[in-house]
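Read through the structure below, which is laid out as structure tokens, and then see the notes.
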Amino acid sequence: MKCKIPTKYFFLFFCFAFLLPNSSLQSQKKEFVLVLDAGHGGRDPGAVGKFSREKDITLSVVRLVGDLVEKRLPDVKVVYTRKTDVFIPLEERASIANNHHADMFISIHVNAAKSSAAYGAETYTLGLAKTQSNLDVAMAENSVMLLEDDYKTKYRGFDPSSVDSYIMFEFMMDTYLDNSINFATDIQKQFTLGAKRFDRGVRQAGFWVLHRSACPSVLIELGFISNYAEEMFLASNSGQNEMAESIYKAFAKYKKNHDKKLNYTSDDTLPPAQEIRQETKQEDTIERKSDSPVTSVNIKADAPVYKIQIKASPVQLKKNHAEFKGLKDVEYFKEGGMYKYTYGAETEYQKITKIKKEISTKFPDAFIIAFVGEKKITVAEALKYNK
């Protein structure tokens, strides 16, 4: 029986191919590829303030981040989607990342709002927008495709102004989600501690450029150009340097953890291929715990089980912790050094979506995950079991 593998996962197989014993790169450390994307450009100015434009701010910050990485992390290859004031289609930006086999994709933007009172920095990962404000930001950034000829054909019928088009991201959010969220969280911490910006948090929404990039990816909104004080900061040399330094520090931490997981040694050599394969297998093993067993469904060993992830924490939380907002029967599993807390357990996708809707007011950023036995799989893979 032939098995069709989604195009998006070919990149993963490409990466693992380098770990085989006969690989010519076995004796040296794989170059980490960082793709930096300055939002908008050329005939697309992006958001416009009283005296500055989004496309100019993003390009300046991207170049500053790139300079810092190239000077301080020589084992990282920096690729830019643009280094000048040119228009680059959304699809082409993602293609640049994929063609260079990117390990991380960072898209930098500047926000705008109808109210001049809005301010602060926020970082997005791919997902279904849980709030209207998140959806508004995604629609604004995706609307760039309207400047392209025959965009409906090029973007497979996706309409950036239609709410219905964004439902697709419900099934595409979890391939690189954990790494993206961890990185986004560190970016926000650096913005708060280093640049002293107001923290608007880590959010999820359906950004086309993140969906099409086959690697962990984030989209950063540096601040609001519609707020005069924030525009002054973002347009200044000192403000741009502070934001760039914050992004660099978060990336340096991510890169250090990335190298640690791959067990890179100080002499920049890879460990034997067999050891790497064993480590990968260990990281795929997920420890699952429950304070009170879920008995709402009779689970077959080979049947996918859908759950709702409501929280992730670097430390274990008590079962009656305030973060659970009164929910009972909360389970957790450990993955990537984090405690991931879930609620509900259903073998039918429709039932778990109903539960997610019921708790959406308390947990607007919750999302559905799936398991087969002890193995975590994507929701898209789980849905195929029922066909």
Side-chain angles (χ1 to χ4, degrees), residues 36-68 80-88 90 93 106-125 129 131-147 160 184 186-203 205 207 209-210 218-251:
L36 296 175
D37 174 46
H40 307 277
R43 65 179 185 269
D44 171 27
V48 179
K50 291 185 179 298
F51 60 90
S52 62
R53 300 174 297 185
E54 179 179 5
K55 68 173 184 177
D56 301 321
I57 295 173
T58 60
L59 181 59
S60 180
V61 172
V62 155
R63 293 180 69 115
L64 288 170
V65 174
D67 287 344
L68 290 171
Y80 301 85
T81 58
R82 69 180 183 98
K83 294 188 73 172
T84 58
D85 184 20
V86 294
F87 177 78
I88 307 292
L90 290 182
R93 293 171 190 263
I106 304 176
S107 186
I108 297 180
H109 292 256
V110 175
N111 219 333
K114 293 180 180 179
S115 171
S116 60
Y119 68 99
E122 56 197 26
T123 304
Y124 284 85
T125 63
T131 65
Q132 184 61 46
S133 60
N134 290 14
L135 180 61
D136 290 342
V137 173
M139 284 183 166
E141 300 298 357
N142 289 334
S143 66
V144 174
M145 64 179 65
L146 299 177
L147 298 176
D186 284 333
I187 291 172
Q188 288 301 123
K189 286 180 181 178
Q190 290 298 329
F191 283 160
T192 304
L193 298 174
K196 308 300 182 185
R197 311 316 296 164
F198 176 70
D199 180 14
R200 291 175 61 90
V202 175
R203 305 182 175 212
F207 294 94
V209 72
L210 299 186
V218 297
L219 186 145
I220 301 170
E221 295 284 357
L222 297 171
F224 285 79
I225 202 171
S226 50
N227 180 296
Y228 184 69
E230 200 148 64
E231 180 185 11
M232 290 280 288
F233 174 81
L234 294 175
S236 68
N237 289 334
S238 59
Q240 291 173 4
N241 275 292
E242 287 181 32
M243 298 303 276
E245 183 74 27
S246 296
I247 296 170
Y248 164 77
K249 287 181 178 178
F251 172 73

Margin query: Could you report the tightest heavy-atom contact between I225 and A112, atom names first, then the distance?
Written below: CG2-CB, 4.1 Å

Check: Is there a donor-acceptor pair closer than 3.5 Å between any side-chain N or O of E221 and the backbone N or O of N111?
Finding: yes

Check: Which residues satisfy the side chain to side chain donor-acceptor pair (under 3.5 Å) test with S236, sequence neighbours excluded?
Finding: S238

Notebook entry, point to check: Which residues pass the side chain to side chain contact (heavy atoms under 4.5 Å, CB included) test with S60, sequence neighbours left out?
Noted result: L64, Q240

Next item on the list: Could you list the residues that satisfy salt bridge (Lys or Arg N to Asp or Glu O under 4.0 Å) with R82, not counting sequence neighbours?
Entry: none

Item checked: Partner residues of S226 under the side chain to side chain donor-acceptor pair (under 3.5 Å) criterion, sequence neighbours left out -> none

Note to self: I need the minimum non-hydrogen distance between V62 and L36, along with the two atoms involved.
What the structure shows: O-CD1, 3.7 Å

Checklist line | Candidates L59, D37, L219, L222 - the one meeting side-chain contact (heavy atoms from CB on, under 4.5 Å) with I108 | finding: L222

Checklist line | Pairing residues for N227 by the side chain to side chain contact (heavy atoms under 4.5 Å, CB included) criterion, not counting sequence neighbours | finding: Y119, F224, A229, E230

Notebook entry, point to check: Do H109 and H40 have side chains that get closer than 4.5 Å, going by heavy atoms?
Noted result: yes

Check: For G223 and V110, which heavy atoms make the closest approach, and how far apart are they?
Finding: O-CG1, 3.4 Å

Checklist line | Pairwise salt bridge (charged side-chain N to carboxylate O under 4.0 Å, His left out) hits with a residue in residues 233-243, at least two apart | finding: none

Checklist line | side chain to side chain donor-acceptor pair (under 3.5 Å) partners of D85, counting only residues at least two apart | finding: K55

Note to self: Between Q190 and S246 (side chain of the first, backbone of the second, donor and acceptor by atom type, cut-off under 3.5 Å), is there such a pair?
What the structure shows: no

Notebook entry, point to check: If you look at every heavy atom in A195 and M243, which pair is closest and at what distance?
Noted result: CB-SD, 3.7 Å

Item checked: Under the salt bridge (Lys or Arg N to Asp or Glu O under 4.0 Å) test, residues paired with D199 that sit two or more places apart -> none

Notebook entry, point to check: Is the Lys NZ or Arg CZ of R197 less than 6.0 Å from the centre of F191's six-membered ring, within 45° of the axis?
Noted result: no

Next item on the list: With the side chain counted from C-beta on, respond yes when S52 and L234 share a heavy-atom pair under 4.5 Å apart, and no when they do not.
Entry: no

Next item on the list: For the pair R93 (side chain) and A38 (backbone), establish whether a donor and an acceptor sit closer than 3.5 Å, ignoring hydrogens and angles.
Entry: yes

Checklist line | Set of residues satisfying side chain to side chain contact (heavy atoms under 4.5 Å, CB included) with respect to A184, sequence neighbours excluded | finding: T123, T125, V202, V218

